[in-house]
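None of these values were measured; they are calculated from a predicted model. Numbering starts at 1 and runs along the sequence shown.
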Amino acid sequence: MKNRRSFLRLSTFSLPFLGFNRLPGLSGWLVAGQPIVVSTWDSGTIANGAAWPVLQRGGKAIDAVEQAGIAIENDINCCVGLGGNPDRDGRVTLDSCIMDDQFNCGSVAFLERIKHPVSVARKIMETTPHVMLVGEGAQQFAVANGFPLESGKLSADADKSYRKWLEKSEYKPIINVELNQKKPALNDKKTFAPNKLDNGSPNHDTMGTVALDASGNLSGMCTTSGMGFKMRGRVGDSPIIGAGLYVDNEVGAVTCSGQGEEVIRMCGSHLVVEFMRQGLSPKEACRRAVERIVKRDPARARDFQVGFIALNRKGEVGAFSVQKGFNYTVTSANVQQQVFNAEHYL
């Protein structure tokens, strides 16, 4: 199964890698009136590769970010789409949200057997008075709107990873566990999602994309299969407007990846936007949000990752993370699929 480290090798094979610290700022990349797209991780090369043609031909940011989501959902990888790792009961559940320049937004959570949750989220945004649909209701809505119901079969890599995790955790899915007063294994720490996958990558990668189009409008999306082997029903920050994603066309657009529970507690993406509203640069705004997250529990922060990327309405880009290792991909008229390392707190 692909992970962001394999994407990094692909990216650096064909493109020169620039460390973020070597650049005084990213505004110098911009050409007046030209668009830009930024995605989390080096796997953002896939997302940006689908978004950039839309922006390049003068298309809307909202269309570009949806195409970014579709592209990464089509890819078989650990943490996004139906090919991702399942929950601890062996079923893949997807979360996604999308937001445009007019505060219109749509979201799905705990969605099963639908290939493109980002497009379902957009359909909710455009055709209903609601923002979020979840679970069976979200699936019913998707099918009613022409989205095919997939088999639900795990990808080969996900099935292999799941079987290996079951051996380590000794977890056994229990039917009607709520009727069993002893609840065997339910609260055993081994049965909870591990902090890291077997390859050493953090167990919570998300694809988030933000874009600015030629008309000066912003949009963003976020999509994930969530933590591998998570408790059934667990939902992180990715589908939550203001946590995993926020767009304010007067200020900027922000998305993030990492330990969703920590982001939710601080309304992370909204917090970064508000820091930018106060006049902070995108990077400094991301830094302040990370500092807020770490401050809550500095000792625990050493065991999780959260990384933010921000794009302001001027087209300036910034990022910051809790731990070393968070990177992001930028595509603009002057920058072709460049992967950058974010500065970090710890």
Side-chain angles (χ1 to χ4, degrees), residues 1-13 15-23 26 38-48 72 75 77-80 84-85 161 193-210 222-229 236-238 244 254-263 266 268-269 272 282-310 317-330 337-346:
M1 182 177 292
K2 294 178 185 176
N3 57 60
R4 67 170 181 272
R5 293 177 180 174
S6 65
F7 284 123
L8 181 56
R9 289 193 293 271
L10 289 171
S11 301
T12 55
F13 178 77
L15 297 167
F17 186 85
L18 298 178
F20 181 86
N21 293 333
R22 295 173 59 189
L23 295 172
L26 305 186
V38 189
S39 293
T40 55
W41 305 113
D42 47 315
S43 52
T45 54
I46 293 173
N48 286 13
I72 199 66
D75 188 73
N77 65 82
C78 66
C79 308
V80 177
N85 286 324
S161 296
N195 289 331
K196 292 185 178 182
L197 300 174
D198 287 338
N199 62 14
S201 297
N203 183 17
H204 43 58
D205 289 0
T206 299
M207 179 51 59
T209 299
V210 290
C222 195
T223 186
T224 187
S225 55
M227 281 186 168
F229 326 121
D237 65 306
S238 297
V254 178
T255 188
C256 60
S257 182
Q259 184 74 40
E261 286 78 2
E262 304 304 323
V263 177
M266 301 300 172
S269 290
V272 175
K283 185 180 79 170
E284 186 60 25
C286 292
R287 180 199 298 270
R288 294 285 186 90
V290 165
E291 289 173 347
R292 183 80 61 88
I293 288 172
V294 172
K295 182 180 178 181
R296 189 186 78 86
D297 191 338
R300 188 169 182 276
R302 296 187 178 279
D303 295 326
F304 66 75
Q305 174 70 296
V306 169
F308 293 97
I309 59 172
V317 178
F320 205 84
S321 61
V322 174
Q323 308 277 355
K324 181 180 180 180
F326 179 62
N327 50 39
Y328 58 102
T329 306
V330 180
Q337 300 286 66
Q338 292 281 1
V339 179
F340 293 86
N341 288 325
E343 290 188 28
H344 50 93
Y345 186 90
L346 298 175

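Atom CZ of residue Phe229 and atom CG of residue Asn85 lie 4.0 Å apart, to the nearest 0.5 angstrom. In this structure, Ser257 OG and Phe326 CZ are separated by 6.0 Å, a value rounded to the nearest 0.5 Å. Here Glu343 contributes atom CD and Lys324 contributes atom NZ; the two are 13.0 Å apart, rounded to the nearest 0.5 Å. The distance from the CZ atom of Arg287 to the NE2 atom of His344 is 11.0 Å, given to the nearest 0.5 Å.
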Quiz item: After noting the C-alpha distance and the side-chain angles of Phe304 and Ile293, does the key distance pass the side chain to side chain contact (heavy atoms under 4.5 Å, CB included) rule?
Solution: CA-CA 11 Å; Phe304 66 75; Ile293 288 172; 3.9 Å; yes

Exercise. Could you go through the side chain to side chain contact (heavy atoms under 4.5 Å, CB included) check for Ile72 and Thr223 one step at a time?
Key: CA-CA 9 Å; Ile72 199 66; Thr223 186; 3.8 Å; yes

Quiz item: When you look at Thr40 and Thr255, which way does the side chain to side chain contact (heavy atoms under 4.5 Å, CB included) test go after all the steps?
Solution: CA-CA 8 Å; Thr40 55; Thr255 188; 4.2 Å; yes

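In this structure, Phe308 and Phe320 have side chains that are not in contact, with every pair of non-hydrogen atoms separated by 4.5 Å or more. Within the 4.5 Å cutoff, no side-chain heavy atoms of Val210 are placed close to those of Val254. The side-chain heavy atoms of Cys286 and Ile309, taken from C-beta on, include no pair separated by under 4.5 Å. Looking at heavy atoms from C-beta onward, Cys256 lies in side-chain contact with Asp237 at the 4.5 angstrom threshold. Proximity of Val38 to Thr329: side-chain heavy atoms (C-beta onward) are nowhere separated by under 4.5 Å. Within the 4.5 Å cutoff, the side chain of Gln305 has heavy atoms near those of the Gln323 side chain. Within the 4.5 Å cutoff, no side-chain heavy atoms of Trp41 are placed close to those of Val339.
Here the closest heavy-atom approach between residue Gly268 and residue Ala289 is recorded as O-CB, 4.5 Å. Here the closest non-hydrogen pair linking Phe340 and Asn327 is O-CB, 3.0 Å. Considering all non-hydrogen atoms of both residues, Ala319 and Tyr328 come closest at CB-CE2, 3.4 Å. The nearest pair of heavy atoms linking Met207 to Ser43 is CE-OG, 3.3 Å.
Counting only N and O atoms by type, the side chains of Asn48 and Ser39 include a donor and acceptor under 3.5 Å apart. Ser238 and Thr224 share no side-chain donor-acceptor pair at under 3.5 Å.
Around the CZ atom of Arg296, the shell of radius 6.0 Å holds more than 12 heavy atoms that belong to other residues, nucleotides or ligands.
At a threshold of 4.0 Å, the pair Glu284-Arg288 counts as salt-bridged, since one of the basic side-chain nitrogens sits closer than that to a carboxylate oxygen.
Here the side chain of Asp75 pairs no donor or acceptor atom with the backbone of Ile46 at under 3.5 angstrom.
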